[in-house]
Number of protein chains: 2
Amino acid sequence: MSFNKFLLETLRARGWRVTAARRAVVEALARAGCAADVQTVYRLAKRAYPRLGLVTVYRTLDLLAREGWVQRWEEGGAARYELDQPHHHHLVCLACGAVQRWDRCPVSVREGATLGGFVVTGHRLELVGYCRTCREVVR
Amino acid sequence: MSFNKFLLETLRARGWRVTAARRAVVEALARAGCAADVQTVYRLAKRAYPRLGLVTVYRTLDLLAREGWVQRWEEGGAARYELDQPHHHHLVCLACGAVQRWDRCPVSVREGATLGGFVVTGHRLELVGYCRTCREVVR
DNA sequence: CCTGAAAGTGAAAATGAGTTTCAATAAGTT
DNA sequence: AACTTATTGAAACTCATTTTCACTTTCAGG
Ligand SMILES: [Mn+2]
Ligand SMILES: [Mn+2]
Ligand SMILES: [Zn+2]
Ligand SMILES: [Zn+2]
């Protein structure tokens, strides 16, 4: 819970207001884990703050992404969000769509590298394939 | 043009019908280059086959992705497609959104590798950062 | 070269994620 | 406590993608 407080206080220090809605979204995000979609965050956050509106979840996730607290990407026709804590990547199953966290990084391009005029500040990698469960089904 | 013919004949050999609409979409895709959205493919394909419907473009791109001829991903609220010819990746500018092709691969995970039960068949990598133009604007 | 069964197509309607608007509410400052 | 202004939620809206369905085309077989 200390990390959440730090996040919220940093937001406040940067001039944003700390509201009940934002508190609830941040907490939901922390519980949600990898590749949470907006509905999942909404459902979790609403438990702590029932009058929360879906629009505010969109706005807050957007704010957190712009402020660099969460990673955002799109998959399966909807945006995914997660706290970008220790750098990691994902294994995406082509059969069932399951997303699994993978805590290593096999990318040899460093942050700050320049590739013909383009300065790299980060990267996003997905390894696609088949998860253990789906392989067993095929057998 | 020979590659397109090969693609279409392979489709036929697998039981799919080769139609004017599919021909037009395949040709458009070849001209479109990197990270083409559906509208772009539609516009190009319609030049060669004016009565083409947008729905058919969606269906054909989907077919080609399932059959392994094109890479598909989502970005900016819309799907992107491209012929997955020689393996490559993309540089995505955070400021202007431009997508630049990068013909190297800095990912050290081989196709066929197994990561704790998960079999890797491929990967998708985006290097994010700032393109030359946007860096110059900031100065 | 015909023909018919089945795949494919396009227009229009439906769906659903995400955004915009705006009046009401709450945060933080004095 | 009063005040200024950011934030919020509901509802309307936008726009990519999907679904439906009657009509058309492909191509295997004759
Ligand atoms: Mn994750
Ligand atoms: Mn490309
Ligand atoms: Zn990495
Ligand atoms: Zn690669």
Side-chain angles (χ1 to χ4, degrees), chain A residues 5 7-29 32 35-43 45-67 69-70 72-81 97, chain B residues 5 7-29 32 35-43 45-67 69-70 72-81 97:
Chain A
K5 281 216 165 115
L7 192 168
L8 292 164
E9 286 315 312
T10 306
L11 277 188
R12 193 187 331 253
R14 290 190 194 168
W16 302 103
R17 292 186 180 173
V18 174
T19 64
R22 285 178 178 164
R23 258 190 273 271
V25 169
V26 168
E27 191 175 318
L29 216 31
D37 60 23
V38 178
Q39 288 299 326
T40 300
V41 176
Y42 180 46
R43 214 174 305 122
K46 201 150 186 172
R47 293 224 278 257
Y49 185 57
R51 74 148 119 156
L52 179 67
L54 179 56
V55 204
T56 299
V57 177
Y58 276 105
R59 287 190 281 229
T60 303
L61 290 173
D62 205 55
L63 171 66
L64 293 174
R66 290 198 317 271
E67 292 289 318
W69 294 101
V70 304
R72 182 216 138 96
W73 74 102
E74 288 163 43
E75 199 174 279
R80 304 302 179 116
Y81 293 87
Chain B
K5 281 218 163 114
L7 193 168
L8 291 165
E9 285 315 312
T10 307
L11 276 188
R12 192 187 333 252
R14 291 189 194 168
W16 303 103
R17 293 188 177 171
V18 173
T19 65
R22 286 179 177 165
R23 260 190 271 271
V25 169
V26 167
E27 191 175 321
L29 216 30
D37 61 21
V38 178
Q39 288 299 327
T40 300
V41 176
Y42 180 45
R43 213 174 307 121
K46 202 151 186 170
R47 292 224 279 256
Y49 184 58
R51 74 148 119 156
L52 179 67
L54 179 56
V55 205
T56 299
V57 177
Y58 275 104
R59 287 190 281 230
T60 303
L61 290 173
D62 204 56
L63 172 66
L64 293 174
R66 290 198 318 271
E67 292 289 318
W69 294 101
V70 303
R72 182 214 138 95
W73 73 102
E74 290 163 42
E75 200 174 278
R80 304 301 180 115
Y81 294 87

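Below, chain A is the first sequence line, B the second, and so on; all start at residue 1.
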Per-nucleotide protein contact string for nucleotides 21-30 of chain C, where B marks a base within reach and S marks sugar-phosphate only (heavy atoms under 4.0 Å, - for neither): B----BBS--

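Going from atom CG of L8(A) over to atom CD of E27(A) covers 9.5 Å, rounded to the nearest 0.5 Å. Put simply, OH on Y81(A) and CG on L64(A) are 9.5 Å apart, with the number rounded to the nearest 0.5 Å. Rounding to the nearest 0.5 Å gives a distance of 13.5 Å between NZ of K5(A) and OG1 of T10(A). Note that CG of D62(B) is 7.0 Å distant from CZ of R72(B), once rounded to the nearest 0.5 Å.
Distance OH (Y58(B)) to P (dA14(C)): 19 Å, rounded to an integer number of Å. The nearest whole Å value for the distance from the CD atom in Q39(A) to the P atom in dA17(C) is 6 Å. Atoms CG (L11(B)) and P (dT26(D)) sit 15 Å apart, rounded to a whole Å. Across the protein-nucleic acid pair, L54(A) atom CG and dA11(D) atom P stand 13 Å apart, rounded to whole Å. Rounded to an integer number of Å, the gap from L52(B) CG to dA11(C) C1' is 13 Å. Distance R72(B) CZ to dT17(D) P: 7 Å, rounded to the nearest Å. Rounded to whole angstrom, the span from the OH atom of Y42(B) across to the P atom of dG10(C) amounts to 8 Å. The separation between R80(A) atom CZ and dG18(C) atom C1' is 15 Å, rounded to whole Å.
In this structure, the helix from dC1(C)-dG30(D) to dT30(C)-dA1(D) shows an angle of 40° between the axis at its start and the axis at its end, each fitted on 5 base pairs and rounded to 10°.
Where K46(A) and L63(A) meet DNA chain D, the nucleotide closest to each residue was compared, and L63(A) sits on the side nearer the 5' end. The residue among A79(B) and G53(A) whose nearest nucleotide of DNA chain D lies closer to the 5′ end is G53(A).
Within the 3.5 Å criterion, the main-chain N or O of T60(B) finds no donor-acceptor partner in the side chain of R22(B).
Side-chain proximity of R22(B) to the nucleotides dT7(D), dG18(C), dG8(C) is greatest for dG8(C).
Contact record, E74(B) with G76(A): OE2-N, 3.1 Å, taken as the closest heavy-atom pair. The minimum heavy-atom distance linking A24(B) with Y49(B) is given by the pair CB-CB, 3.8 Å. Between L54(B) and Y42(B), the shortest heavy-atom distance links the atoms N-CE1, 3.5 Å.
You'll find the side chain of L63(A) stays beyond 4.5 Å of the side chain of W69(A), heavy atoms only.
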